[in-house]
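To start, the structure itself, in C-alpha cells.
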Amino acid sequence: MSAILDSVNSMIDMKRFLSGGAVIQPIWVFVVAITIFFSVMSDHFLSLGNLTNILVQTSTIGLIALGMTYVMINGNIDLSVGATLGLAASLSVGLQDYGITVAVLAAIASGVVLGAMNGLIVWKTGVNAFIVTLGAMIGVRGLIFVYTEEQSFYASNFAFSDFGISTIGPIPVLAIIFLLCALLMHLVLKKTVHGRNTFAVGGNPEAALDAGIRIGRNMMVNFIIVGFFAALAGVFLATQMGASTPNLGRDYELWAITAVVLGGTKLTGGFGSITGTMGGVLAIGVLRNGMNMMQVPAFYVLVILGVILISVLIIDQKINVNSSKGVQV
Amino acid sequence: MAVAEQIKQGSILGEKRKADLLSFLSAQGILMFFLICMFVFSLFSEQFFSQGNIMTVVRQASIIGIIAVGVTVVIIGGNLDLSVGSMLSFATVLVVDLHDKVGPAEAILIMFAATLLLGAVNGFLVGFMRLNSLIVTLAMLSAIQGLVLIYSGGQNVDIADPGATWFSEFGRGYLFGIAVPIIIFALLAIIIQIAMSFTSYGRRIFAIGGNPTAAVYAGIRKNWCVFGTYLISAFCVACAAMVLGSRVMGSQNNVGQGYELLVLAGIILGGTSLLGGAGSIWKTVIGVLILGFIQNGLLLLGYPYYTQWLVTWVIIILAVWLDLANKRKSLLVRHP
C-alpha cells in the first residue's frame with residue numbers, strides 16, 4: 001500500500017518537476033543540454049568572452065521579456081514593445097544635442113508614457129489588450145517615422161557608444177544591468193504585494209476584484225513596467241550600435257513573447273515566473289550564438305525555434321492535464 | 001385601464017424601436033464611418049471620388065483583402081492565424097521562382113499544394129493537438145520565414161520575361177474593364193460569405209467559435225472544422241500570392257512581413273470579434289477597404305504615407321471601444 005502511495009507521490013513530484021512548479025524548469029534542462037552540445041561541437045563556444053557575449057546579445061530581448069512576463073501573467077499581452085523600442089532608440093540618439101543624460105531620460109520616459117497609455121486604455125475602455133497594443137504597434141511605428149522623417153541617426157558623441165562596450169572587470173556593463181534587472185523583477189514578482197496581485201488578477205480577475213485588488217491599476221502598472229523595459233532595451237541597442245534606424249525593433253515583440261512562453265508562462269494568465277523567462281531568453285540566445293559558431297545559416301535558427309516552441313507547447317499539454325481539459329470527440 | 005395598457009404597450013414598442021435603432025447603428029456603425037470618411041476625403045480632394053481612383057484603391061487593397069477573408073473564417077472559429085504574412089512570402093517566392101523553372105500552371109499547382117500543406121500543419125496543431133493558436137501560428141510565422149530564406153538562399157527571385165506569360169493576367173490583367181485582383185477578391189468574399197451563412201459547415205464554425213463545449217455536445221466534429229478553417233485561410237493566402245507574384249513579377253524574401261497585422265487591423269476594424277463566434281466576411285471587406293481608402297485619402301491630401309499608421313491606431317481602438325460601450329451601455333469600465 002505504502003509502496004503504491006510512494007510511487008503515486010513520486011509521479012506527482014515528477015509532474016511538478018516537469019511542469020516547472022518545483023525545483024527545475026524544463027526550459028533550463030534544455031538550456032543546459034544545448035550548452036553542453038555546443039561546447040562539444042565548437043571550440044570557441046565555452047569561453048567567458050562568448051558566454052558574456054551571449055548575455056549582451058540577449059539583453060535586448062531579455063529586458064523586454066522581463067516586463068512581458070508581468071503583462072502575460074496578468075492575462076494581457078503587449079505587441080507594441082518592438083515599436084516602443086524603436087522610438088526609444090531613435091530618441092536616445094536623436095536628442096543627443098541636448099546631452100546624453102537628457103536623451104536617455106527622454107527615451108525611457110517615452111516608453112513609460114506609451115506603456116501608461118496602453119494600460120490606461122485597457123483599464124478604462126475594457127478593450128482587449130491584444131487589440132489595444134496591436135493598434136499601438138502600428139501607430140507607434142508611425143510616430144517613429146514622423147519623428148525621424150525616415151532617417152537613421154548616428155551618435156556623434158562617442159561616450160554614448162563607449163558605454164555599450166564598457167566592462168566592469170571581465171563582465172560587460174550591459175550584461176550586469178540586465179542580470180540586476182532580472183533579479184529585481186524576480187524579487188518584485190515573488191516578494192511584493194504588487195507581484196502577488198499580478199498573479200491574482202491573471203488567475204481570476206473577478207475574484208481579485210472581490211478581494212479588493214484594484215485590477216485596472218495593477219494592469220496599468222504592468223504596462224508601464226513593460227514600456228519602461230522596452231525603452232531601456234532600445235537604449236541598450238542604440239548604445240551597442242551607436243546608431244538607430246526607424247525600423248529598429250521589428251519582430252522583437254514576437255521574440256519576447258516566444259521567450260516568455262518558452263519559460264512556461266501561460267497566455268491565459270495567472271502562471272509564470274522570471275526564472276522561466278530567463279531560461280527562455282537564454283535558450284534563444286544560446287541557440288542563435290551556438291549555431292553561428294557552428295556556421296549554420298541564421299535561417300535555420302528561425303525554423304528550429306518555431307519547432308521548439310511548438311514542442312514545448314505539446315510537452316506542456318501532455319504534462320499539465322489541466323491545460324487540455326474539455327470534452328474529446 | 002385600457003388606455004394605460006395602450007400607453008404601456010406603446011412605450012414598450014417605442015423602447016423596442018429605440019433598441020432596434022441602437023443595435024442597427026452598432027451593427028452598421030462601421031459602414032456609417034466608412035461613408036463619412038469617403039465624404040470628407042472627397043470634400044478635400046478632387047481626384048478622390050473619381051472612378052479611376054476608387055478602382056485603384058480597391059485593387060491595392062485586394063491582396064490584404066483576399067487574405068483577410070480567409071483569416072476571418074479562422075477568427076470566427078475562435079482561433080487566430082498570425083502565420084499568414086510569412087505564408088504569403090513563402091507562396092509568392094515559390095510561385096515566382098518555379099514559374100521560369102517548371103512553367104506557370106505547374107508553379108501555381110505546386111504553390112497551392114505547398115501552402116495548403118502549411119495550412120494543414122497549422123490546422124493539425126490547433127485542431128487536433130488542441131494547442132493555443134496564437135503561439136502555434138507565432139511559431140509557424142518564424143518557422144516559415146526561415147523556410148523561405150532556406151529555399152531562396154536569401155536571394156530575391158523574379159520572372160525573366162514578364163510580358164510573355166499569361167501568369168501576368170492575375171495581377172495586371174482586366175476582365176470586362178475590372179482589374180482581375182478585384183474580381184478574385186470579390187469572388188472569394190462572396191463564395192465564402194455564402195458558405196458561412198448558408199451551409200452547415202459555416203454554421204458549425206460559428207457554433208465552435210461561440211461555445212466550443214456546446215458545439216462538441218451538439219455533435220460537431222470540432223477538430224475537423226478547425227482544421228478546415230486553416231485550410232481556407234491557407235487557400236486564400238495562396239490566391240493572394242498568385243496576385244502579388246503576378247503583379248510584381250518578382251518577390252523579396254520578406255514580401256509578406258507585417259501583413260498579418262494589417263489583415264488583423266482590417267478584420268478588427270470591420271467589427272469581427274477576436275473571441276470568435278461572431279463576425280462576417282462583408283464586415284471584413286469593409287474594414288479592409290476603409291484602411292485602403294484612408295491610406296489613399298491621406299496620400300491625396302499630401303500627408304506622408306506613415307500618417308495612415310497613426311490614424312489606424314486611433315480608429316482601431318475607437319471602433320472596438322464604441323462597440324463595447326454600446327453593448328454595456330456605458331463608455332468606461334467602472335472597476336478600479
Side-chain angles (χ1 to χ4, degrees), chain A residues 77 79 121 123-128 130-132 134-146 149-150 205 209 213-217 246 250-251 254-255 257-258 261 266-268 297-310 312-314 316-317 323-324 326-329, chain B residues 80 82 125 129-132 134-136 138-151 153-154 212-213 216-217 219-223 257-258 261-262 264-265 268 273-275 304-317 320-321 323-325 328 331-333 335-336:
Chain A
I77 199 163
L79 299 174
I121 294 173
W123 169 8
K124 287 296 181 188
T125 66
V127 177
N128 192 321
F130 187 89
I131 295 174
V132 173
L134 176 74
M137 174 186 185
I138 298 171
V140 174
R141 190 62 68 186
L143 279 183
I144 301 174
F145 277 70
V146 169
E149 289 171 336
E150 302 174 63
L209 190 60
I213 296 171
R214 304 175 69 175
I215 57 174
R217 211 183 61 165
R250 277 238 154 124
D251 286 353
L254 304 182
W255 288 106
I257 294 170
T258 303
V261 173
K266 296 275 179 295
L267 270 182
T268 43
F299 323 146
Y300 289 89
V301 182
L302 292 170
V303 180
I304 292 175
L305 267 176
V307 172
I308 291 173
L309 190 54
I310 290 173
V312 165
L313 272 193
I314 294 175
D316 183 66
Q317 191 190 45
S323 68
S324 62
V327 271
Q328 310 261 330
V329 173
Chain B
L80 271 178
L82 295 178
L125 290 170
M129 300 295 292
R130 255 170 283 216
L131 303 176
N132 184 305
L134 179 74
I135 305 290
V136 165
L138 189 67
M140 290 293 281
L141 184 158
S142 142
I144 298 172
Q145 214 169 23
L147 281 184
V148 180
L149 289 164
I150 291 170
Y151 176 80
T213 315
V216 168
Y217 281 129
I220 294 172
R221 294 207 287 183
K222 183 181 149 205
N223 303 355
Q257 193 183 24
L261 302 172
L262 297 174
L264 275 179
I268 294 168
S273 160
L274 286 187
L275 299 175
Y305 66 95
Y306 40 81
T307 30
Q308 55 166 305
W309 297 341
L310 295 172
V311 177
T312 308
W313 185 9
V314 176
I315 59 174
I316 280 185
I317 295 176
V320 181
W321 179 16
D323 187 41
L324 275 177
R328 66 171 175 246
L331 212 50
L332 296 178
V333 176
H335 69 66

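Residue numbers start from 1 in every chain, and the chains themselves are labelled A, B, ... in the order their sequence lines are given, proteins ahead of strands.
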From the list A:Asn128, A:Ile314, A:Val307, the residue making the most non-hydrogen contacts under 4.5 Å with chain B is A:Ile314

Which pair of non-hydrogen atoms, one from B:Tyr306 and one from A:Glu150, has the smallest distance, and what is that distance?
CE2-OE2, 3.2 Å

When every non-hydrogen atom of B:Ser142 is compared with those of A:Gly306, the smallest separation belongs to OG-N, 4.0 Å

Please rank A:Ile77, A:Asp251, A:Ile213 by heavy-atom pairs under 4.5 Å with chain B and give me the top one.
A:Asp251

Are more than 12 heavy atoms, taken from residues, nucleotides or ligands other than A:Arg217, located less than 6.0 Å from that residue's CZ atom?
no

Answer with side chain, backbone, both or neither: which region of B:Leu274 has an atom nearer than 4.5 Å to a non-hydrogen atom of chain A?
side chain

Is the ring pair A:Phe145/B:Trp309 parallel, tilted or perpendicular, if the boundaries are 30 and 60 degrees?
perpendicular

Could you have a look at B:Ile135, B:Ile317, B:Ile316, B:Leu261 and say which one has the most heavy-atom pairs with chain A under 4.5 angstrom?
B:Ile135

Given that the side chain runs from C-beta out, which part of A:Trp255 has a heavy atom under 4.5 Å from chain B: side chain, backbone, both or neither?
neither

Under the side chain to side chain contact (heavy atoms under 4.5 Å, CB included) criterion, do B:Leu138 and A:Thr258 qualify, and how do the steps go?
CA-CA 8 Å; B:Leu138 189 67; A:Thr258 303; 4.1 Å; yes

A:Ile138, part contacting chain B, at a heavy-atom distance under 4.5 Å
both

Identify which part of B:Ile150 has an atom lying under 4.5 Å from any heavy atom of chain A, answering side chain, backbone, both or neither.
both

Out of curiosity, B:Asn132 CG to A:Thr268 OG1, how far, rounded to the nearest 0.5 Å?
8.0 Å

So, for B:Val333 and A:Thr125, which heavy atoms are closest and what is the spacing to 0.1 Å?
CG2-C, 3.7 Å

Heavy-atom side-chain contact between B:Trp313 and A:Val140 under 4.5 Å
yes

Comparing A:Leu209, A:Leu267, A:Ile308, A:Val261 against chain B, the one with the most heavy-atom pairs below 4.5 Å turns out to be A:Leu267

Highest number of heavy-atom pairs under 4.5 Å with chain B: which of A:Gly126, A:Gly135, A:Pro297?
A:Gly135

Turns out that what part of A:Ile131 lies under 4.5 Å from chain B's heavy atoms comes down to both

So, for B:Leu134 and A:Phe130, which heavy atoms are closest and what is the spacing to 0.1 Å?
CD1-CE1, 3.7 Å

Would you name the heavy atoms of A:Ile310 and B:Met140 that are closest together and state the gap between them?
CD1-SD, 4.3 Å

Atom group of A:Ile144 that falls short of 4.5 Å from chain B, counting heavy atoms:
neither

Considering only heavy atoms from C-beta outward, does the side chain of A:Leu313 approach that of B:Met129 to under 4.5 Å?
no

Greatest number of non-hydrogen atom pairs under 4.5 angstrom with chain B, of A:Leu305, A:Ile257, A:Leu143, falls to A:Leu143

Select one option (side chain, backbone, both, neither) describing which atoms of B:Leu141 are under 4.5 Å from chain A's heavy atoms.
side chain

Side chain, backbone, both or neither: which part of A:Leu79 has a non-hydrogen atom closer than 4.5 Å to chain B?
neither

Given that the side chain runs from C-beta out, which part of B:Gln257 has a heavy atom under 4.5 Å from chain A: side chain, backbone, both or neither?
side chain

